[in-house]
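Values below: all heavy atoms of this structure, side chains included; hydrogens, waters and symmetry mates excluded. We name chains A, B, ... by the order of the sequence lines, and we start the count at 1 in each one.
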Number of protein chains: 2
Amino acid sequence: MIETEFRRPVVTVDIVMLTPCRGELCVALLPRPNEPFADQPALIGGYIHTDEDLSAESAVRRILKAKAGIGDIFFEQLQTFASATRDPRDWSVSIAYFALLPEGWLEDPEGPLLLRPATSPGQLPFDHNEIIAIALERLRNKGAYSTIPARLLPEVFTMTELLAIYQTVMGERLDQSAFRRKVRELDLLEEIEGEKRRTESARRPTTLYRLKRPMSVFDRRL
Amino acid sequence: MIETEFRRPVVTVDIVMLTPCRGELCVALLPRPNEPFADQPALIGGYIHTDEDLSAESAVRRILKAKAGIGDIFFEQLQTFASATRDPRDWSVSIAYFALLPEGWLEDPEGPLLLRPATSPGQLPFDHNEIIAIALERLRNKGAYSTIPARLLPEVFTMTELLAIYQTVMGERLDQSAFRRKVRELDLLEEIEGEKRRTESARRPTTLYRLKRPMSVFDRRL
DNA sequence: CTAATAGTGTCTTTTAGACAGTATGCC
DNA sequence: GGCATACTGTCTAAAAGACACTATTAG
């Protein structure tokens, strides 16, 4: 049987960009330039440009660069939202991604980007609230079993900062001693020789670490 | 800025249908009716019909019914494959799903469906080998922490069958005693009162169970 | 009785969690 | 010395894994 050609859906990518701010996870939003929902904050996203994007991932990189001025950042495919009703204009497919950025890397007070608490971003257009909720759930689920949360920190960090970011991601208190033990046993970190840092409030200087591998997945829970 | 409209990619769904056969997991393939790769076995899939499908999930149900004669079956979104090169004809988006079916529910010797070992399905067109590999990995990862593998069994099953299907999915031997203990502690199963079954070879009749909830996710590993 | 699968009990090792205690260095 | 944070040690409890043991019933 020969399949007749159907009217094609429109295909976009949407990016849940998460970054720590004020002790919680925030999502970056951008006021929409056009109708529908013009001027309302929404996820960073855009059409796939079939004439220049080689893949959905390339489209994500292009859009992050163009709309948020960000290059070379961790992102991962989340889920695809595809239905006749999610966009009032047309049958629409959104390939959703989540991206992680260290605190402060986004703060351009002149720029149009908004940071809103990820758990309460306000009411957003389309199914963007649902997409953010699923992104948070995914980050939580994968977070405990991988070094993904470390992508929310700069390359060099202290054990306390690492613990804090895991707590933020997981939304629960973790025991410091057990956390250090597990990190040691899983051999995740490389100590930065000789270097120490003093925080403003701390008396004792603290050891600095970086990840041994850009990304580790494990069986045990951190 | 107003985004010009771009030529839209073609959007399909592809389904990795897995079912136990001959002690391992097999994937259902269908010879392609048209070019490209006409007559070569490939994943069950098809275009999204924007005029009749309300969502990608509806398209999956429609395609499963039309191409494999299957209705009302467990399936879950896997990942979306989207690039300029995966289909020689055009920029193509495939929203991939994996589906699970009990052993024997597919065996229509007259039908065109083929069953091939999921770990070695032979060389398939497009990126279908990669999609199957990712489906298996996902099933393995989620399998240990959920009752998803039970969707590969009929509604009523014995503890030994459940253990066996988890072993097939996980690709490792599991201790029977520990398995029973965990299943009991997690309170997953409902005993079918009074009913017992004798298998051909077994002497002692065995208790029959069904899942208490259609789907459970847990923290512990089964 | 034996064979064959169904199902239980128990011991050891590993991992998690709680929490108290020590270490360091600035004031 | 006091304070605040960095880091360690130790005890307990929960879970995982190994494996031997008992139970049931057809033949």
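Between C:dG7 and B:T206, a contact under 4.0 Å exists linking OP1 or OP2 to a side-chain N or O. The side chain of B:R180 contributes an N or O atom lying less than 4.0 Å from OP1 or OP2 of C:dG7.
Scored by the salt bridge (charged side-chain N to carboxylate O under 4.0 Å, His left out) test, A:R22 finds no partners at all (sequence neighbours excluded).
At whole-Å resolution of the value, OH in A:Y145 and P in C:dA16 are 9 Å apart. Straight-line distance from the CG atom of A:D175 to the C1' atom of D:dA13: 14 Å, rounded to whole Å. Here the P atom of nucleotide C:dT8 and the CG atom of B:L163 are 14 Å apart, to the nearest Å. Look at CZ on A:R204: it is 9 Å from P on D:dA6, rounded to the nearest Å. What separates CZ of A:R184 from P of C:dT15 is a distance of 13 Å, to the nearest Å. When the P atom of C:dG17 is taken as reference, atom CD of A:Q167 falls 12 Å away, rounded to whole Å. Between the C1' atom of C:dG7 and the CD atom of B:E191 lies a distance of 12 Å, rounded to the nearest Å. Between B:M170 atom CE and D:dG17 atom P the separation is 10 Å, expressed in whole Å.
Applying the 3.5 Å distance criterion, the base of D:dG9 shares a donor-acceptor pair with the side chain of A:S177. Remark: the A:R181 side chain and the C:dG17 base include a donor-acceptor N/O pair separated by less than 3.5 Å.
Among the heavy atoms of the strands lying under 4.0 Å from A:T160 are primed sugar atoms or P, OP1, OP2 only; no base atom is included. Base engagement by A:Q176 is indicated by at least one non-hydrogen atom pair under 4.0 Å involving a base atom. Within 4.0 Å (heavy atoms only), B:T207 reaches sugar-phosphate atoms of the nucleic acid but no base atom.
Using a 4.5 Å cut-off on side-chain heavy atoms (C-beta onward), B:L139 and B:V16 make no contact. By the 4.5 Å heavy-atom criterion applied to side chains, A:I148 and A:V169 are not counted as neighbours. Between B:Y97 and B:L43, the closest side-chain pair of non-hydrogen atoms is not below 4.5 Å.
A heavy atom closer than 4.0 Å to some atom of DNA chain D occurs in B:R220, B:R221, these being the qualifying members of residues 215-222 of chain B.
Residue B:L29 is tested with B:I44, B:L124, B:L113 for a side chain to side chain contact (heavy atoms under 4.5 Å, CB included); the sole match is B:L124.
Ring pair B:F126/B:F37 is perpendicular by interplanar angle, where above 60° counts as perpendicular and below 30° as parallel.
Atom CD of B:Q123 sits in a sparse spot, with 12 or fewer heavy atoms from other residues, nucleotides or ligands closer than 6.0 Å.
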